[in-house]
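Contents: one structure, followed by commentary.
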Amino acid sequence: MPHKKTTPEKIKSVLPSGRTDTSFFEQVYDVARQVPRGRVTSYGAIAAYLGAAKSARMVGWAMNGAFHVKPPVPAHRVVNRNGMLSGKMHFSTPTKMEELLKKEKISVKNDAVVDFEKKFWDPSVELEL
DNA sequence: CCCATGACGCGGC
DNA sequence: GGCCGCGCCATGG
């Protein structure tokens, strides 16, 4: 396969061409779905869990397609390593992410999760293989 | 093909 | 201990 692409467009319908393994995106979504209500995790934590510690960025990129996949992915439970809602702008409305979190009893102040350390859910720890 | 741009993170200062 | 620079990796111009 000369040129394998993975555009959000394609992710919507089918997995990236040329991918024999379970796509990276699929795995990211799978882990994200297992984050319990009232808890949050980080892009880096997911990346590390998937053995791609250096691809935290790709995890964030993958979340772009999280809105049109099924079953739904609780993308609002994924924040950056500082507990900040760095992806709020990618939701339907800039305040959606925060609203969803507060609905789960997670306090948000200045675009950051309050008591992030306590709410943090690390797949590498909680989700023993 | 080279450059810029990210829902990121670590290491240096 | 916060701020800045650089590495990552896929995309788009």
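A, B, ... follow the sequence lines: proteins, then strands. Residue 1 opens every chain.
Atom CG of A/Asn82 has more than 12 neighbouring heavy atoms from other residues, nucleotides or ligands inside a 6.0 Å radius.
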Letter per nucleotide, 5' to 3', of nucleotides 7-13 of chain B [B base touched, S only sugar-phosphate touched, - untouched; heavy atoms, 4.0 Å]: BBSB---
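Contact check on A/Arg77 versus A/Glu104 returns a salt bridge, with a Lys/Arg side-chain nitrogen under 4.0 Å from an Asp/Glu carboxylate oxygen.
Only the P atoms considered, C/dC6 is 15 Å distant from B/dC3, to the nearest whole Å. Here the separation of C/dG2 from B/dA7, taken at their P atoms, is 23 Å to the nearest Å. Distance check on atom P: C/dG1 versus B/dC8 gives 23 Å, rounded to whole Å.
In this structure, A/Phe25 places its CZ atom 14 Å from P of C/dC9, rounding to the nearest Å.
Side-chain N or O atoms of A/Thr93 include one that pairs as donor or acceptor with a backbone N or O of A/Lys96 at under 3.5 Å. The backbone N or O of A/Gly65 sits less than 3.5 Å from a side-chain atom of A/His68, completing a donor-acceptor pair.
For the contact set between residues 109-116 of chain A and DNA chain B, defined by any heavy atom under 4.0 Å, there are no members.
Using a 4.5 Å cut-off on side-chain heavy atoms (C-beta onward), A/Val78 and A/Val40 make no contact.
How far OG of A/Ser92 is from CD of A/Glu99: 8.0 Å, rounded to the nearest 0.5 Å. Rounded to the nearest 0.5 Å, atoms CZ (A/Arg81) and OG (A/Ser86) are 11.5 Å apart.
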Please tabulate, for the side chains in residues 111-122 of chain A, all donor-acceptor contacts under 3.5 angstrom to protein atoms that are two or more places apart in sequence or on a different chain.
from	atom 1	to	atom 2	distance (Å)
A/Asp111	OD1	A/Lys88	NZ	2.9
A/Asp122	OD1	A/Ser124	N	3.0

